[in-house]
*Asks:* 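Have a look at this one before I ask anything.
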Amino acid sequence: MHMSTSEIRAAFLEYFRTEGHQVVSSSSLVPHNDPTLLFTNAGMNQFKDVFLGSDVRSYSRAATAQRCVRAGGKHNDLDNVGYTARHHTFFEMLGNFSFGDYFKRDAIIYAWTFLTKVLQLPKEKLLVTVYATDDEAYDIWAKIIGVSTDRIVRIGDNKGAPYASDNFWQMGDTGPCGPCTEIFYDHGDKIWGGPPGSAEEDGDRFIEIWNVVFMQFNRQADGTLEPLPRPSVDTGMGLERISAIMQGVHSNYEIDIFQTLIRRAAEVVGIADLENKSLRVIADHIRSCAFLVADGVMPSNEGRGYVLRRIIRRAVRHGRKLGAKDVFFYQLVGTLAELMGDACPELKSQQPVIERVLKLEEEQFVRTLDRGLALLDEALEGLGDMRQIPGEVVFKLYDTYGFPADLTADVVRDRGFTIDEAGFAVEMDKQRERAKGASSFAVDYNKRLKIDQESEFVGYECLSSEQTITALLRGDEEVDVIHEGDEALVVLDSTPFYAESGGQLGDTGLLRCGDAVFAVTDTLKLGQAIVHKGYVERGSLSQHAMVHAEVDMARRQATALHHSATHLMHAALRKVLGEHVSQKGSQVGPERLRFDFSHFEGMSMASIRRVEELVNAEIRANHAIQTQLMDLEQAKQSGAMALFGEKYDEQVRVVGMGEFSTELCGGTHASRTGDIGFFKIIAESGVAAGIRRIEAVVGKAAIDYIHQLGEQIDETANLIKGDQFSIASKVRQFMERTKLLEREVEQLKAKLAAHAGSNLLTQVVRVNGQQVLVAEMDGVDPKSLRTTLDELKNRLQSGVLLLATVADGKVSLIAGVTADLTGKVKAGELVNMVAQQVGGKGGGRPDMAQAGGTLPDALPAAMGRVIPWLEERL
């Protein structure tokens with residue numbers, strides 16, 4: 001039975017929906033609140049906290065079609081993409097999950113039923129593996145499903161350590177883990193390869209299509225396995241792999257989605273050979289790049305943005321290899337949106353953004369590509385018989401021209417060269433020390449602070465209430481009592497204190513119990529618990545005591561005003577700048593709001609003013625701010641804006657402000673827009689490529705800002721002897737006068753340097769018959785050295801010169817060699833020889849080179865070595 005990729009995806013989700021699973025949307029490729037992951041790389045990522053027990057959902061079984069990227073960090077398939085049948089940077093993982101609901105029997109039955117009944121795959125084409133000691137799974141396959149024992153393979157520990165097996169899965173070195181059963185498809189004896197566990201298992205005949213993980217144990221730091229109280233199931237089936245099988249092809253690149261993208265890539269690049277491997281690379285890369293941009297990643301030189309930049313540049317390089325003359329990569333976005341836009345609506349809504357980001361990045365890269373290739377050619381010429389590019393050259397290409405190391409390796413491979421990968425890694429480590437650990441998996445899941453209690457937030461309407469203490473934590477330990485001076489965490493059964501989330505800062509205030517007082521300095525969430533962080537001001541608090549919880553009313557109200565203003569501003573930005581604007585982060589507090597959003601250029605003063613006008617108009621309209629609870633899907637269908645990548649419960653709060661703004665939001669807000677009073681943007685800046693930041697104030701904070709601004713204007717007007725409305729013209733006059741004076745100073749410095757240079761001619765000596773001038777110049781501006789050198793070279797006609805000066809504790813050096821002597825002495829070598837002795841380095845052309853140093857005390861000795869050094873060369 002032939003099925004399209006879209007039909008298989010829909011059939012999978014529908015089958016599990018009918019089996020009682022909640023169909024959950026794909027999460028963002030940028031993992032939500034998970035610093036251990038560079039990108040979402042498996043279907044279970046968004047459910048990690050559910051499996052760990054720190055997150056509780058309204059459902060106990062789920063199904064997803066999760067988009068994944070493996071192109072950086074621990075899971076990196078980039079170098080194989082396009083050259084093998086099944087490696088991708090981007091892929092979709094179909095998965096079904098049980099959170100303490102069904103276990104091995106039902107999980108195996110669901111998988112077998114879907115493959116053999118829904119997809120109608122021949123049973124004789126399927127083979128299964130189980131963990132060697134998992135007799136339970138073996139018996140289910142053999143006795144319940146009826147798979148013949150010769151098609152069930154036990155896979156044991158084959159990697160030199162206990163439980164190190166392809167059929168034993170673990171989240172990390174510690175934490176949830178368990179055996180798994182995998183289902184393989186037999187492509188037939190026309191393809192070389194043997195079944196899993198055999199000597200020929202690396203062949204392509206038997207292909208794994210579905211992995212069903214049984215989370216059965218909790219692995220401790222000492223390696224022991226403790227049974228989990230609620231065993232769970234995590235499964236994954238690659239959509240591209242199953243599509244290849246259903247469409248009767250062997251390579252994933254032959255399925256419908258890839259064939260369409262390959263044809264489009266060939267069209268925009270201008271070639272007819274559809275079998276070219278570079279077309280596969282481009283077709284794969286457009287998927288990961290488009291979805292990463294849609295999920296808020298922008299090209300940069302760090303972290304996720306660096307991985308995106310590498311993928312884009314790799315695709316562009318392959319396009320150039322195929323003969324692409326114009327910017328082409330972005331032209332594939334529209335085709336991708338047509339293919340996958342129904343399943344992933346954000347691809348269509350973000351299409352203009354994605355196209356512009358990819359176009360700008362390719363244009364920028366093409367501008368530097370030729371310059372980088374010229375540097376590479378120069379480096380290759382200088383290698384002589386060496387066939388390896390040094391690591392520092394590879395790094396310079398990356399650092400100066402944005403060439404990823406793999407791209408450099410790709411360019412030089414055709415010429416018979418390799419790159420020094422280890423040397424490049426050393427250089428990268430030096431520069432990117434701060435980025436270490438960006439994708440570290442060294443997390444001991446058993447040491448994570450766990451609070452089993454669940455807290456109810458009751459603070460939308462009331463700011464004080466009587467509550468019961470359900471947990472006290474001091475350090476990492478739960479205690480029965482806390483005393484005066486103790487810093488601690490207090491958990492209540494319910495609380496009026498808002499825990500930091502959605503960008504809104506946590507509440508502060510007091511917890512009172514008789515004469516005892518606990519000062520709350522922050523409120524945050526740990527799992528399902530709302531935690532009050534602070535210290536005991538006086539007295540002591542004990543478990544199960546009743547406390548009077550009081551939120552700082554003024555701080556909460558000021559925060560709520562800024563939060564409501566953020567919603568209005570978000571809507572105004574979309575009206576002024578375009579629908580591509582989406583929130584990329586925010587922080588809302590009592591003193592100001594900060595809002596990050598996707599946009600490609602700085603906002604003009606006119607745009608900023610227009611946003612202010614729109615927001616203040618909505619404030620003056622004094623709309624009632626209405627909140628209502630809805631089911632998540634109902635809320636989205638009503639037009640409420642959801643922040644992609646944000647995690648929402650099944651029941652959500654919808655906050656509406658007239659017809660202007662409707663968003664999903666769990667934060668606290670004003671009662672009416674008029675309460676905000678006045679809105680003022682105080683700063684607009686860029687925080688990353690394609691990401692802008694606005695800071696703004698409202699209410700009393702805005703009035704205070706206007707007063708401070710007025711005071712600064714008045715003070716400035718007094719200093720320049722003008723009034724508030726003549727400041728600009730007065731400052732312009734001062735700037736013009738300053739420029740005139742600076743020019744006069746530069747001219748005088750040049751005259752002084754020229755005079756000093758003329759006096760230096762008396763210090764010229766002969767070395768092996770050639771004129772040599774080595775001199776330190778006192779009180780000379782380092783910028784004047786070049787002018788002085790040029791004048792002296794003209795006067796000497798033939799010779800070698802080295803000039804030095806010290807200013808602000810730093811050494812400046814310049815060397816010059818006339819054209820007739822550069823065959824014997826190179827200015828770059830001379831200046832570098834001296835620079836190394838004064839704590840620096842430098843270089844340049846054979847006839848002129850400059851350098852600096854940080855050890856002025858070493859300069860006299862260094863200058864003294866110049867004549868002996870020249871005697872060996874002249």
Side-chain angles (χ1 to χ4, degrees), residues 4-6 8-9 26-30 38-43 65-72 75-94 238-244 251-269 277-299 304 307-319 328-351 353-355 357-359 361-362 644:
S4 70
T5 303
S6 296
I8 296 169
R9 186 194 300 111
S26 171
S27 66
S28 167
L29 286 170
V30 178
L38 194 65
F39 297 116
T40 297
N41 59 26
Q66 175 64 53
R67 52 180 173 272
C68 303
V69 162
R70 290 186 180 175
H75 297 286
N76 187 354
D77 294 338
L78 184 60
D79 294 335
N80 293 318
V81 170
Y83 296 97
T84 65
R86 275 166 289 280
H87 278 105
H88 305 290
T89 56
F90 173 96
F91 60 94
E92 287 185 87
M93 188 66 81
L94 304 173
L239 177 58
E240 293 78 10
R241 289 191 180 192
I242 193 66
S243 295
S251 166
N252 291 3
Y253 289 98
E254 296 173 40
I255 67 174
D256 51 1
I257 283 182
F258 277 113
Q259 284 300 295
T260 302
L261 288 172
I262 285 170
R263 283 194 296 271
R264 177 61 177 152
E267 181 184 334
V268 298
V269 171
K277 292 287 198 299
S278 288
L279 288 177
R280 290 182 171 190
V281 175
I282 295 166
D284 170 89
H285 287 10
I286 191 61
R287 298 211 304 166
S288 54
C289 293
F291 277 103
L292 284 171
V293 174
D295 286 352
V297 181
M298 293 289 167
R304 296 182 177 110
V307 177
L308 172 59
R309 174 161 282 168
R310 284 182 66 196
I311 302 173
I312 295 171
R313 292 186 167 186
R314 194 167 186 267
V316 172
R317 167 68 185 155
H318 278 273
F328 73 92
F329 194 45
Y330 78 99
Q331 297 180 51
L332 282 86
V333 177
T335 303
L336 181 62
E338 291 173 12
L339 290 168
M340 299 185 67
D342 291 340
C344 311
E346 57 275 9
L347 201 58
K348 284 185 175 178
S349 64
Q350 297 267 33
Q351 182 178 336
V353 183
I354 299 165
E355 288 178 337
V357 169
L358 297 186
K359 188 169 187 282
E361 182 67 14
E362 182 173 353
F644 190 76

*Asks:* Going by heavy atoms in the side chains, are Lys277 and Val281 under 4.5 Å from each other?
*Replies:*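 Heavy-atom side-chain distance check fails, nothing below 4.5 Å.
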*Asks:* Indicate yes or no for a side-chain donor-acceptor contact from Ser26 to the backbone of Arg67 under 3.5 Å, with no hydrogens or angles considered.
*Replies:*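 Yes.
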*Asks:* Consider side chain to side chain contact (heavy atoms under 4.5 Å, CB included). Of Leu347, Asp256, Thr5, Ile257, which one does Leu339 pass it with?
*Replies:*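 Checked Leu347, Asp256, Thr5, Ile257 against Leu339; only one passes side chain to side chain contact (heavy atoms under 4.5 Å, CB included): Ile257.
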*Asks:* Applying ring pair (Phe, Tyr, Trp, His ring centres under 6.0 Å), name anything that partners Phe258, two or more places apart in sequence or on another chain.
*Replies:*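 For Phe258 the ring pair (Phe, Tyr, Trp, His ring centres under 6.0 Å) partners, ignoring immediate neighbours, are His88, Tyr253.
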*Asks:* Would you check if Phe291 and Cys344 make a side-chain contact, meaning some heavy-atom pair closer than 4.5 Å?
*Replies:*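 Yes, close enough: below the 4.5 Å cut-off.
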*Asks:* For a 4.5 angstrom cut-off between non-hydrogen side-chain atoms, does Pro299 reach Ile312?
*Replies:*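 When only atoms from C-beta onward are counted, Ile312 and Pro299 do touch, with a gap below 4.5 Å.
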*Asks:* Would you check if the side chain of Gln66 reaches a backbone N or O of Ser27 as a donor-acceptor pair within less than 3.5 Å?
*Replies:*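 Pair found, side chain donor or acceptor close to backbone of Ser27.
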*Asks:* Check whether any side-chain N or O of Asp295 sits under 3.5 Å from a backbone N or O of Val30 as a donor-acceptor pair, and report yes or no.
*Replies:*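 A pair under 3.5 Å: no.
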*Asks:* Is the shortest heavy-atom distance from the side chain of Met340 to the side chain of Leu336 under 4.5 Å?
*Replies:*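 Side chain of Met340 against side chain of Leu336, heavy atoms only: contact under 4.5 Å found.
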*Asks:* Below 4.5 Å, heavy atoms only, C-beta onward: do Leu239 and Met93 meet side chain to side chain?
*Replies:*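 They are not in side-chain contact.
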*Asks:* Would Glu338 and Arg264 pass as an ion pair if we require N to O under 4.0 Å?
*Replies:*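 Salt bridge between Glu338 and Arg264, a charged N being under 4.0 Å from a carboxylate O: no.
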*Asks:* Rounded at 0.5 Å granularity, tell me how far SG in Cys289 sits from CZ in Arg310.
*Replies:*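 Spacing of SG (Cys289) from CZ (Arg310) equals 12.0 Å.
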*Asks:* Would Arg287 and Glu240 pass as an ion pair if we require N to O under 4.0 Å?
*Replies:*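 Salt bridge between Arg287 and Glu240, a charged N being under 4.0 Å from a carboxylate O: yes.
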*Asks:* Tell me whether Glu361 is salt-bridged to Arg313, with the criterion being a basic N under 4.0 Å from an acidic carboxylate O.
*Replies:*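 Result for this pair is yes, salt bridge flagged.
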*Asks:* So do the side chains of Val69 and Asn41 get within less than 4.5 Å of each other, counting heavy atoms only?
*Replies:*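 In short, these two side chains do not touch, never coming nearer than 4.5 Å.
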*Asks:* Do the side chains of Ile282 and Phe328 get nearer than 4.5 Å, heavy atoms only?
*Replies:*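 Yes. Closest side-chain heavy atoms under 4.5 Å.
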*Asks:* For the side chain of Glu92 and the backbone of Gly238, is there at least one donor-acceptor N/O pair under 3.5 Å apart?
*Replies:*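 Absent.
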*Asks:* Taking the side chain as every heavy atom from C-beta outward, state whether Arg70 and Phe39 have any pair of such atoms under 4.5 Å apart.
*Replies:*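 Of all side-chain heavy-atom pairs linking Phe39 with Arg70, none is under 4.5 Å.
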